[in-house]
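I have placed the structure first, in the form of C-alpha cells, so that the comments after it can refer back to it.
Because only heavy atoms are used, hydrogens play no part in the values below, and waters and symmetry mates are left out as well, while side chains stay in.
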Amino acid sequence: MRGLQIIIGTLLCIILCNSFSYTQSFLDSLQIRPFTQAHYRVASFNYTGLEGLDHKIYFANESGVLSYDGSAWILDPIKDFKSVFSLAQTKDSTLYVGADNEIGSMRLEEDEYRYTSLSGQLEDQVEIGEVWQTIVHEDNIYFISYSGIFKYDDTQVTWIDLPNSHTFNLNGRLIASVFGKGLYELVNDKPVLRNGDFSFDNDIAFAFLPDLNGSGYFLLTSENGIYKFDPETFDVEEVESELSLFSKELWFYDATVFNDSLYAISTWKGGLIITDDQLEILKVINTKNGLNTDEMKEVFEGSRGHLWVATNSGISELYWSGFKSGLRNPKTMITLKNEENENSISFEFATPGYHISELKYMCFLEGFESEFIPIKDGFRKEYTNLDGGEYTFKVKAKLPDGNYSKEARYAFTVPTPWYLTAEFISLSIFGPTGIFFLFYYLRTKQLKVMNETLESVVKRRTKELVFQKDQLKAANDHLK
C-alpha cells in the first residue's frame, strides 16, 4: 500500500513539475506591445478598459472614451470634455460611462457612438463626484463614487447612500467594501452591514478573485494584504504569503483571472504580478521587462488571452507567443470611406481583436479588378480616376492561423461625366449629320421656293411680253 502511495506521489510530483515547467516557459515568452500618447494623440492617463462585444478595446481616458480596433485609435469625448474613469457595457452594446461629476450612456447610432448625459435625472441634484466604478447588475447600472452609489434603471437615476465604497458584482450579489466601516451587501438597493470587523481607515478591498482551487474568493486590499472571503458567511481570514508582503510594498490596485489558471495583479508602483492558482509569484513584469511605467491602473483579459493594462503613461498589451488563441468568426470592418471627388475614393478598415501587424489584408473592387489582391499599405486602399459605373469594394484579412476573416463590403456608384454619357456621344456622332441633313433640307426647300417664285415671275413676265406683243401687233395693223 505504501509503495502505491509512493508511486502516486511520484507521478503527482512529475505532473506538477511538468506543469510548472510549461507555465514558466509560457510566461518567459512574454511579448509587450506598448501604446503611448504618440499613438493615440490624447491624454496619457488611462484608468480602466474593457473588450466590447465588437471586439474593439475601450478605455476610460482622461480626454474621453478611447477605442482601438486593431488599426486605429478613436476618441469619443463626453459632455464638457470631462475625464472618464470607468466603463461598462450591456448586451445591447450600450456603453455606460462614469466620469468627473458626470454619468451617461453611449449608444450606437449608424455605427457611431452618441453620448447622452444622465446626470440631470438626479432629483436632488446630489454631487456625483468622481465615478471610479460602473457595474451592470440585473439590467441596472450602478455608478459608484466616493459620494455614494447612483442607480440607473433605464428610466431614472436614484441615489443610494453608501459613500466611500468599492463595490463588486459577485455571482449576482452586490458586495461593497467601505472605508472605516467594513463589508456591506446591497439588498433591494439598501446597504446591509455584513462584516464590521474587516475595516481600515485608509484602505478597502480593491479586487475580488475567485478561488480557482475551491470555493469563495480572495480579497485583495491595496496595502494590507490578501484575505480569503466566504460570500455566504462574509467571514474573512488573512492569507499569509509572499504576495501579501508585496502588497505592503507595491500597493495592489486591481486583479483578474488570466489564462484560466493564473492571476494577474496590477500595482500602484511595482508593475504587474503574475501568480499561479495558489497565489505563488511566477513573474513580475515592470519597466525592466518592457513596460513603459510601473504605475499600473486596471488590468483585464481579452478574448484572445491577451492582457491589457491601463496606466498613467499609456496602455500596454501583453501576450505570450506560446499561447495562441483566435476569435470565432472574426469580421473585418470598413471604418472610413472618403470620397475625395466624383471618381476617386479611399477606404480604411480593421479586424477588431487583431493588431494590424498580425494580418495581411486582401481587397477586390468588383467592376474594376478581376480578383482579390494583397494590400501593401497596411489598412488603407485608394482608387483614383475610376470610370463611371457600379462598384463593390470587398476586403478581408488573412489571420495568423491562415484562415480568413469575414469580408466587409461597400457598394457605390461613380457618376459618368456628361461628356462621356451615351446621350452626349450619340449627339456628338449623329448631331452633325442631322444638322447637315437639316441644312440640306432647309436649303433645298428654300431653293424650291425660290425656283417656284422665279418660275412664277418668268410666267408673269412672259405673259406680259405676250400681251405687249399682241398690243404692238394690233397697233401696227391699225396704222396699216
Under 4.5 Å between any side-chain heavy atoms of [X] and [Y], yes or no?
X: Thr267; Y: Asn286; answer: no
X: Phe206; Y: Phe252; answer: no
X: Tyr96; Y: Ile103; answer: no
X: Leu186; Y: Ile160; answer: yes
X: Trp132; Y: Ser165; answer: no
X: Arg114; Y: Arg107; answer: no

Main-chain N/O of [Y] paired to [X] side chain as donor or acceptor, under 3.5 Å:
X: Glu51; Y: Ser303; answer: yes
X: Glu280; Y: Asp276; answer: no
X: Asp100; Y: Lys82; answer: no
X: Ser199; Y: Lys181; answer: yes
X: Asn46; Y: Ser44; answer: yes
X: Ser405; Y: Ala397; answer: yes
X: Ser266; Y: Glu298; answer: no
X: Tyr361; Y: Lys376; answer: no
X: Asp254; Y: Lys297; answer: no
X: Ser147; Y: Glu127; answer: yes

Centroid-centroid under 6.0 Å between [X] and [Y] rings:
X: Phe393; Y: Tyr410; result: no
X: Phe364; Y: Phe372; result: yes
X: Phe59; Y: Tyr40; result: no

His306 and ring-ring contact (aromatic ring centres under 6.0 Å, His included): which single residue from Tyr354, Trp320, Tyr319 fits?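 The passing option is Tyr319.
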
Are a donor atom and an acceptor atom from the side chains of [X] and [Y] found within less than 3.5 Å of each other?
X: Glu62; Y: Tyr47; answer: yes
X: Glu339; Y: Ser344; answer: no
X: Tyr263; Y: Asn259; answer: no
X: Thr332; Y: Tyr404; answer: no
X: Tyr115; Y: Glu102; answer: yes

Which residues pass the ring-ring contact (aromatic ring centres under 6.0 Å, His included) test with His39, sequence neighbours left out?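 Result, ring-ring contact (aromatic ring centres under 6.0 Å, His included) vs His39: Phe35.
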
Trp268 and Trp251 aromatic ring geometry - parallel, tilted or perpendicular at 30°/60° bounds: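 It falls in the perpendicular class, over 60°.
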
Should the ring pair Tyr227 and Phe198 be called parallel, tilted or perpendicular, given that the plane angle runs from 0 to 90° and is split at 30 and 60?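 Tyr227 vs Phe198 ring planes: perpendicular.
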
Test Phe150 against every option in Ile128, Thr158, Leu118 by the side-chain contact (heavy atoms from CB on, under 4.5 Å) rule and name the one that passes.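 That would be Ile128.
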
Option passing side-chain contact (heavy atoms from CB on, under 4.5 Å) with Leu262 (candidates Val257, Leu282, Thr275):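 That would be Leu282.
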
Please lay out, stage by stage, how Thr392 and Arg409 fare under the test side chain to side chain donor-acceptor pair (under 3.5 Å). CA-CA 7 Å; Thr392 300; Arg409 299 186 177 196; over 6 Å; no

Which pair of heavy atoms, one from [X] and one from [Y], lies closest together, and at what distance?
X: Ile175; Y: Phe208; result: CG2-CZ, 4.4 Å
X: Gly52; Y: Gln89; result: CA-OE1, 3.1 Å
X: Ile78; Y: Ala99; result: CD1-CB, 3.5 Å
X: Asn61; Y: Val42; result: OD1-CG2, 3.8 Å
X: Thr134; Y: Ser86; result: OG1-OG, 2.7 Å
X: Leu87; Y: Thr48; result: N-CG2, 3.9 Å

Atom CG of Leu307 and atom CG of Leu30: how far apart are they, to the nearest 0.5 Å?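 With rounding to 0.5 Å, CG (Leu307) is 9.5 Å from CG (Leu30).
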
Listed by chain and number, what are the side-chain hydrogen bond (donor to acceptor under 3.5 Å, both in side chains) partners of Asp277, not counting sequence neighbours?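 In terms of side-chain hydrogen bond (donor to acceptor under 3.5 Å, both in side chains), with neighbours along the sequence ignored, Asp277 is linked to Asn213.
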
Surrounding NZ of Lys228 (heavy atoms of other residues, nucleotides or ligands, distance under 6.0 Å), is the total greater than 12?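 Atom NZ in Lys228 is packed in, count exceeds 12.
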
Please report the C-alpha distance between Ser247 and Glu223 in whole Å, then the side-chain angles of each, then the deciding distance to 0.1 Å, and finally whether the side chain to side chain donor-acceptor pair (under 3.5 Å) criterion is met. CA-CA 5 Å; Ser247 74; Glu223 52 186 303; over 6 Å; no

